[in-house]
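Proteins come first, then strands; the chains are lettered A, B, ... in the order of their sequence lines, and each starts at number 1.
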There are 2 protein chains.
Amino acid sequence: MELINRFKAYIAEEKLYHPGDKVLLAVSGGVDSVVMTHLYKQAGIDCGIAHCNFQLRGAESARDETFVTALANELGLPLYSIRFDTETYAGDKRISIQVAARELRYAWLEETRQKHGYTFLATAHHMQDNVETVLMNFAKGTGIAGLHGILPKQQHLIRPLLFAQKEDLLALAAANGWGYVEDSSNLTVKYTRNFFRHKVIPVIQETYPAAVPQMAASIDRFREAEQLYTEAVSRHKKRLLFKQGENFKVPVLKLQKAIPLHTLAWEIFKEFGCSPAQLPQVIDLLQSEPGKLVETPTHRIIRDRVWLLITPLEAPEAPLIVIEKETGVVSVKGGTLKLKIRTSEGAPIPASPLMACLDLDTLQFPLLMRRWKQGDYFYPLGMRKKKKLSRFFIDQKLSLIQKENIWVLESAKRVVWIIGMRIDDRCKITSNTRNMLVLEWHPI
Amino acid sequence: MELINRFKAYIAEEKLYHPGDKVLLAVSGGVDSVVMTHLYKQAGIDCGIAHCNFQLRGAESARDETFVTALANELGLPLYSIRFDTETYAGDKRISIQVAARELRYAWLEETRQKHGYTFLATAHHMQDNVETVLMNFAKGTGIAGLHGILPKQQHLIRPLLFAQKEDLLALAAANGWGYVEDSSNLTVKYTRNFFRHKVIPVIQETYPAAVPQMAASIDRFREAEQLYTEAVSRHKKRLLFKQGENFKVPVLKLQKAIPLHTLAWEIFKEFGCSPAQLPQVIDLLQSEPGKLVETPTHRIIRDRVWLLITPLEAPEAPLIVIEKETGVVSVKGGTLKLKIRTSEGAPIPASPLMACLDLDTLQFPLLMRRWKQGDYFYPLGMRKKKKLSRFFIDQKLSLIQKENIWVLESAKRVVWIIGMRIDDRCKITSNTRNMLVLEWHPI
């Protein structure tokens with residue numbers, strides 16, 4: 001089958017497109033993302049191009065930006081591009097250049113997707129990328145979750161080229177005379193990945209020439225196996241983990257008999273800060289005397305007579321901070337919030353969900369900063385329907401612990417920002433905005 | 001921890017020994033099996049040595065046999081050894097030397113284990129062997145079952161060294177001055193395995209020096225994940241597959257909605273001869289009109305209005321063959337049975353479960369050859385208690401199809417041989433046997 005038809009079939013099978021959808025394409029200018037762009041264009045799907053210039057490779061970075069701009073013009077597609085001061089960002093946050101670039105990239109791409117009303121953000125990961133990921137996970141040590149590789153769809157993020165091999169993409173570009181740029185450093189790819197790409201997989205292919213598609217087929221099966229695994233784990237958790245007010249409890253006798261013990265104990269206790277290294281200690285509690293305990297960074301797991309009791313390490317703190325002024329700094333457990341006022345002139349799109357810009361006229365002071373609670377709802381940016389926070393957190397796949405640590409900002413009894421995650425649509429910047437409240441969340 | 005203590009801990013954890021057990025050690029004379037022998041001796045476990053001479057490497061084969069004989073003498077352990085004419089066997093059966101050696105080895109080892117009352121047969125597979133197996137499976141394409149690697153225990157077969165790395169075994173042998181032989185050809189190891197051992201894994205270790213133990217830890221987790229997977233699959237099968245006389249049926253609507261569809265369909269239909277290549281056709285039946293069908297080598301899968309009906313390809317044949325004479329040939333569906341009489345003088349132990357030697361005085365002619373049926377029982381060789389065949393087949397992990405194809409030999413209303421699998425203990429050769437009936441089963 002021709003690649004364009006395999007592309008359409010894959011999109012249909014994995015439900016990566018429905019009539020009316022708009023897709024924002026992350027395009028570096030390399031062969032993968034260029035071929036993806038042409039395929040979307042050929043398939044007649046409404047799409048736009050987003051390009052990040054990390055300004056890390058001097059003239060080569062500028063060349064890539066110019067190339068992608070020309071590609072967008074040639075195909076008549078909307079273009080969104082940004083230049084990041086990646087080195088400063090990495091220095092400020094004391095993270096590696098790779099991690100910085102990745103953070104900046106995904107935060108900006110997601111903001112751009114939301115702001116301009118795109119249904120999906122598409123990246124050009126292909127079959128080799130996927131196989132590399134799984135082999136690396138396996139070599140580093142992983143559970144079954146490390147075997148599903150790169151998923152075709154995670155919420156709004158899609159990977160429509162996972163069905164294709166690198167050679168297919170190169171051949172199609174050559175056959176059509178599609179130009180692309182070569183990234184001499186391959187910045188967002190770590191050394192280890194390049195090593196697996198150029199050293200490990202070719203050696204495996206000497207024995208098994210079809211190793212890449214065979215491993216990709218295996219990964220598809222692992223993905224389905226993981227669904228069944230997750231189903232079984234959920235069923236066990238229902239009979240092994242009970243909520244009681246602020247605390248949780250696990251019946252000792254039932255957990256002792258649970259099969260397979262290690263995996264089920266891990267699935268239960270990882271939510272409460274337990275590390276793989278601590279797991280054997282927690283399992284030892286099953287045989288120990290009442291009163292013994294294991295302390296994780298967030299919880300105490302205590303051996304009671306017939307239960308393991310799980311309690312948060314600290315009592316919940318005073319949950320309400322009143323913010324009277326429009327500028328200043330508020331420090332709470334877990335981080336610091338900075339507030340300032342700006343006019344909306346030339347306002348940049350926040351480059352990270354840690355930052356929010358709200359239309360000042362939609363807000364009413366004092367603001368309240370508090371923990372989220374059951375029953376809270378908001379209008380997620382880009383949506384016209386309200387959504388319960390509890391539902392939103394499920395969609396975002398937050399763990400119990402992550403949920404417990406969420407702060408929200410409230411104005412006139414409305415949640416206006418789930419801090420560090422998503423603003424309310426009714427407070428967003430519009431063409432009518434005069435002044436905006438700029439909020440920065442600095443987690444510890 | 002010292003290796004001997006890790007060995008004891010591993011044996012305890014995986015339940016590879018209980019007081020009173022006797023363990024038969026498969027010893028080639030290489031470092032792995034020699035270290036295993038010393039560890040068993042040091043642990044004070046009652047054990048014996050079994051050695052196969054495949055007579056494929058001339059003087060080297062003889063040297064190995066001499067070495068193992070000396071080792072058994074030195075440690076005061078019982079020795080069982082055999083010489084195979086591997087090349088003739090491979091030629092007669094038209095199989096590769098590797099496959100022939102493997103078949104001869106496991107059949108003889110298992111017979112020896114049973115005949116001399118050993119609880120377990122132990123082989124010296126270690127951590128590297130395990131990691132190689134899983135990497136090879138992954139590269140060839142596999143489902144989750146290909147990830148559990150070499151299991152520490154499968155019925156009577158145990159692998160007590162899976163916890164250890166090759167380097168550990170070499171170091172211990174060196175530290176204790178334990179001699180061993182080197183196998184220049186490494187016969188039972190295929191070329192592909194050697195390639196993974198010497199070419200693929202060392203390259204991975206350049207990036208991840210601890211790749212082998214990390215992969216081994218992953219494999220342990222996959223093994224537990226597979227248990228949960230299997231649990232979920234069983235639950236789905238209960239609601240998706242129904243037996244109706246000779247036939248089975250699957251509800252179309254329920255299967256259409258089953259998640260994940262491909263994996264669940266595979267787990268259901270593979271039992272009925274469906275190949276991976278045929279699976280998409282079977283899944284297409286869910287959308288097709290009544291009357292369409294897919295034919296596997298053994299079954300017809302027919303789209304009915306609300307069911308997929310599964311029926312065996314052939315009507316069950318006349319199920320009873322009367323064997324009047326003590327010598328001759330009987331041909332049935334699935335294979336040919338040859339009978340002859342021998343005196344028990346210098347009788348060899350059958351080298352394969354495809355061969356059986358029964359004490360002629362315990363038999364009563366005519367014999368009957370028939371399919372097994374529910375309610376059948378026998379006394380499995382080596383056991384003093386009777387066992388239902390249905391139970392025996394579960395222990396042997398036979399699939400539905402394999403069970404359907406089983407023949408048994410009956411004498412005076414007793415099952416005396418499950419053909420190709422196991423004889424009845426009451427008919428075995430003893431020191432009192434005068435003449436024996438030698439049976440050879442040649443499956444098609």
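Heavy atoms closer than 4.5 Å to chain A are found nowhere in A217(B), neither backbone nor side chain. With a threshold of 4.5 angstrom between heavy atoms, Y208(A) approaches chain B through side-chain atoms but not through N, CA, C or O. Heavy atoms closer than 4.5 Å to chain B are found in the side chain of E231(A), but not in its backbone. Contacts between I259(B) and chain A at a heavy-atom distance below 4.5 Å involve backbone atoms as well as side-chain atoms. Contacts between L147(A) and chain B at a heavy-atom distance below 4.5 Å involve the side chain alone, from C-beta outward. For chain A, the nearby part of H236(B) is the side chain; its heavy atoms alone come within less than 4.5 Å.
Counting heavy atoms of neighbouring residues, nucleotides and ligands inside a 6.0 Å radius, atom NZ of K243(A) exceeds 12 of them. Enclosure of atom CD in Q154(A) by more than 12 non-hydrogen atoms of other residues, nucleotides or ligands within 6.0 angstrom is indicated. Counting non-hydrogen atoms of neighbouring residues, nucleotides and ligands closer than 6.0 angstrom, the CD atom of E2(A) reaches no more than 12 such neighbours. Residue K292(A) qualifies as open at atom NZ: its count of foreign heavy atoms under 6.0 Å is 12 or below.
For the atom pair L135(B) CG and M215(A) CE, the distance stands at 9.0 Å (nearest 0.5 Å). Between I144(A) atom CD1 and E224(B) atom CD the span is 12.0 Å, to the nearest 0.5 Å. Here the straight-line distance linking atom CZ of R193(B) with atom OG1 of T207(A) works out to 12.5 Å at 0.5 Å rounding.
Residue with the most contacts toward chain B among P213(A), P260(A), A211(A), A225(A): P260(A) (heavy-atom pairs, distance under 4.5 Å). Chain B forms the most heavy-atom pairs under 4.5 Å with one residue out of F196(A), F222(A), Y229(A), W266(A), and that residue is F222(A). Considering only heavy-atom pairs separated by less than 4.5 Å from chain A, the leading option among G143(B), S218(B), A232(B) is S218(B). Chain A forms more heavy-atom pairs under 4.5 Å with one residue of Q227(B), R235(B), H262(B), K199(B) than with any other, namely R235(B).
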Query raised in the report: Going through the checks in order, is the side chain to side chain contact (heavy atoms under 4.5 Å, CB included) test met by L264(B) and L228(A)?
Result: CA-CA 9 Å; L264(B) 289 172; L228(A) 290 160; 4.1 Å; yes
Query raised in the report: I204(A) and F195(B): side chain to side chain contact (heavy atoms under 4.5 Å, CB included), yes or no, with the steps?
Result: CA-CA 9 Å; I204(A) 295 176; F195(B) 189 84; over 6 Å; no
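In this structure a side-chain-to-backbone donor-acceptor pair under 3.5 Å is present from R221(A) to T142(B).
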